[in-house]
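What you are looking at is a predicted structure, and each value in this text was computed from that prediction instead of being measured. All values below were derived from every heavy atom in this structure, side-chain atoms included, with hydrogens, water molecules and symmetry-related copies excluded.
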Amino acid sequence: MTEANAPERPPHERKIHPGSGRRKAHAFPKGRQLGRAAHDEIRDLLGDRPRDRDLLIEHLHLVQDRYGCLSAAHLHALAEEMKLPMAEVYEVASFYAHFDIVLDGEAAPAEITIRVCDSLTCEMMGAEALLAELPARLGAKVRVLRAPCMGRCDAAPAAEVGHRHVEHATVDSLTAATAGGNLHPEMPAYQDLAAYRAEAGYARLADCLDGRLDVEGVIATLGESGLRGLGGAGFPTGRKWSFVRAEAKPRYLAVNADEGEPGTFKDRYYLERRPHQFLEGTLIAAWAVEAEAAYIYLRDEYPAVREILIKEIAAVEAAGLAPHTKVHLRRGAGAYICGEESAMIESIEGKRGLPRHRPPYVSQVGIFGRPTLVNNVETLYWVPEILSKGAAWFAGQGRNGGKGPRSYSVSGRVREPGVKLAPAGITVRELIEEYCGGMAEGHAFKAYLPGGASGGILPAAMGDIPLDFGTLEEHGCFIGSHAVVILSDRDDIKAAARNLMRFFEDESCGQCTPCRNGTEKAVKLMSAATWDAGLLEELAATMRDASICGLGQAAPNPLTSVLKFFPEDVR
């Protein structure tokens, strides 16, 4: 299937770059009057919920969940109810891929929407065939859309019917899912509050709140353990907590659960199994920095996790386990850029997820302009266990100089993909052989992505480098969120790099020219039969040097990796 005839996301299912000319020519009629019926519907829907500005995205979700789309009338009514300019409501709604805006004269979307993941691993496992065959099989009653990574790379190809995920999807299984009519997420079996407390869960939090543990001792233990930020940056956790504590009050905590890096699914793995270990770590972090509130920002692609957290956060509060802070769960709306900490904070505040210029850093000026600690889900997950078992227990589990266990999300051409809890510093060869059952039948190891879409691509000949922070940078790559994708001799390296660049093109927020135009130009150049290596290298350098945030700076990594390590594939 060629890119030209593949199903494409409609304008509100993909990022719209400001000024790019790709936005539909929507225009509100002059003198638009507020409809009484729509206003009554919005008022009834919101009920006694606050109309605070930072809840705009939450309220947009309420409207779409109830009515299946965001109509012009409802957007106008929501703006009136929240005392916001209509333009501000529209610009936020149109920024996020999961909001379906239907303006006057436009048809509402089909009742059922199937999103088929077209990220790298899913493409390798047959996503393009699904996208080609599904429209003809299902007809006009079902809308079929491309979608970026859903965090289910170990079960590729993945798709979502309504809010229900289908793993190892086929045309038949997706057809059956639409006929079944169950569009709600399938709830996994997980450890609830009672089960977690039965194994001494929340004991370390109690030690903190009751004074048996002091903040300085907790931070020192985390420092000795070697715990680092496991969302990608790898910054030492204890040191970050100290930085935020040094700032003036009030302070906040933001938890990054927007796990959108293609190839990454480890946070979902823990949240769907042991949510309370994560929540205890969150509450300890809030205690340590004296955060008045903790905001958990969860990607919209994890609806089952959202249901779990809604229930279990309420249980924690009812049990009196969080007297020192207030936990808020915020729902993303389909924007990879919101994995960048400042863009996430903008979204928590109910705005478009545009990265901020720095300095100041979010530890100084974060949520609502106040000092904010930002931690990843897995980072917080390990905190209670480190405090229970000690720094030496955690630090002693590494290999090849690494410290601690690491959760590697492994997908691609291996027999047994999944989340592999392995020593930090393990090599990819060791990971494949010791934890993944070897390569898939009939496939020979050719290349690997050590850190998801932005971490670059390395050849199998470099498969003995420890997978850890600081070990890959000299080769133009990095470990990032520990998302390892294995490619074989049957995979097209150029096509893989092009898939990754298409992802970055689509997910660029459009705020800065080097990223917005650079990713688009790179996709065009990488679609040629022969790559213009010199021009691509020049473009990559410009994107790295001039982009505002890590998306544009890291987007060229797969491209430059292929030029450097796979010259024969480029020719």
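Taking 4.5 Å as the limit, some side-chain heavy atom of P323 sits within range of a side-chain heavy atom of L209. In this structure, the side chains of V215 and W287 come closer than 4.5 Å at one or more pairs of heavy atoms. Under the 4.5 Å side-chain criterion, counting only non-hydrogen atoms from C-beta, V374 is not in contact with L253. The shortest side-chain heavy-atom distance between I114 and L145 does not fall under the 4.5 Å cut-off. Counting heavy atoms from C-beta outward, H163 and L183 have side chains that stay 4.5 Å or more apart. Annotation: side chain of I313 is not in contact with side chain of V316 (no heavy-atom distance under 4.5 Å). H165 has its side chain within reach of R152: a pair of non-hydrogen atoms, C-beta onward, lies under 4.5 Å apart. Between Y190 and P275, the closest side-chain pair of non-hydrogen atoms falls below 4.5 Å.
Formation of a donor-acceptor pair under 3.5 Å by the R143 side chain with backbone atoms of K141 is not found in this model. With S481 contributing its side chain and G232 its backbone, the two residues share no donor-acceptor pair below 3.5 Å. Side-chain atoms of R228 come within 3.5 Å of backbone N or O of G234 as a donor-acceptor pair. Looking only at distances, no side-chain donor or acceptor of R268 sits under 3.5 Å from a matching main-chain atom of V305. A donor-acceptor distance shorter than 3.5 angstrom exists from the side chain of H324 to the backbone of L283, with no hydrogens or angles considered. No donor-acceptor distance shorter than 3.5 angstrom exists from the side chain of D104 to the backbone of A72, with no hydrogens or angles considered.
Atom CZ of residue R299 and atom CZ of residue R306 lie 15.0 Å apart, to the nearest 0.5 angstrom. The CD1 atom of I345 lies 10.5 Å from the NZ atom of K351; values are rounded to the nearest 0.5 Å. In this structure, the separation between OG on S347 and CG on L56 is 9.5 Å, given to the nearest 0.5 Å.
E340 and S342 share a side-chain donor-acceptor pair at under 3.5 Å. In this model, a donor atom of one side chain and an acceptor atom of the other lie less than 3.5 Å apart for S454 and E261. With hydrogens and angles left out, the side-chain atoms of E341 and Y361 include no donor and acceptor closer than 3.5 Å. Between the side chains of N375 and N256, no donor-acceptor pair is found at a separation under 3.5 Å.
For N499 against L120, the heavy-atom pair with the smallest separation is OD1-N, 3.2 Å. The two residues D300 and G332 make their nearest non-hydrogen contact at CB-O, 3.1 Å. Closest heavy-atom contact between V102 and A108: CG2-CA, 4.0 Å. Taking every heavy atom of both residues into account, V244 and S363 meet most closely at CG2-CB, 3.9 Å. Listed here is the closest heavy atom pair of R356 and V365: NH1-O, 3.2 Å. A pairwise comparison of heavy atoms in E186 and A304 identifies O-CB, 3.8 Å as the closest pair.
Looking at residues two or more places apart in sequence or on another chain, you find a side-chain hydrogen bond (donor to acceptor under 3.5 Å, both in side chains) between E317 and K326. Not counting sequence neighbours, the partners of A315 by the side chain to side chain contact (heavy atoms under 4.5 Å, CB included) test are L193, E312. Y297 pairs by the ring-ring contact (aromatic ring centres under 6.0 Å, His included) definition with nothing, not counting sequence neighbours. Every salt bridge (Lys or Arg N to Asp or Glu O under 4.0 Å) that E290 has, sequence neighbours left out, goes to R245, K249, R251. Every residue meeting the side-chain hydrogen bond (donor to acceptor under 3.5 Å, both in side chains) condition with E259, not counting sequence neighbours, appears here in chain and number order: Y302. Residues satisfying the salt bridge (Lys or Arg N to Asp or Glu O under 4.0 Å) criterion with E160, sequence neighbours excluded, are absent altogether.
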**Prompt:** For L84 and L78, what are the C-alpha separation, side-chain angles and deciding distance, and is it a side-chain contact (heavy atoms from CB on, under 4.5 Å)?
**Reply:** CA-CA 8 Å; L84 293 172; L78 183 61; over 6 Å; no

**Request:** Begin with the C-alpha distance, continue with both residues' side-chain angles, and end with the deciding distance and a verdict on side-chain contact (heavy atoms from CB on, under 4.5 Å) for E346 and R352.
**Result:** CA-CA 6 Å; E346 289 288 298; R352 294 177 295 165; over 6 Å; no

**Prompt:** Can you check side-chain contact (heavy atoms from CB on, under 4.5 Å) on Q191 and R274, steps first, answer last?
**Reply:** CA-CA 5 Å; Q191 185 184 51; R274 293 177 60 85; 3.2 Å; yes

**Request:** Before giving the answer on side-chain contact (heavy atoms from CB on, under 4.5 Å), spell out for C515 and L551 the whole-Å C-alpha distance, their side-chain angles and the decisive distance to 0.1 Å.
**Result:** CA-CA 8 Å; C515 178; L551 191 155; 3.4 Å; yes

**Asked** Hey, mind stepping through E123 and R502 against salt bridge (charged side-chain N to carboxylate O under 4.0 Å, His left out) and telling me if it holds?
**Response** CA-CA 12 Å; E123 182 179 81; R502 281 203 308 267; 3.1 Å; yes

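Between Y252 and Y295, the ring planes are perpendicular. Angles over 60° get that label, and only those under 30° would be called parallel.
Taking the six-membered ring for Trp, F278 and Y381 have ring centres at least 6.0 Å apart. Aromatic ring centres of F99 and H61: separated by under 6.0 Å.
Annotation for E307: atom CD counts as buried by contact number, over 12 foreign heavy atoms lying within 6.0 Å. Counting heavy-atom neighbours within 6.0 Å of E91 CD, excluding the residue itself, gives a total above 12.
One finds no salt bridge joining D52 and K83 here, because no Lys/Arg side-chain nitrogen approaches an Asp/Glu carboxylate oxygen to under 4.0 Å.
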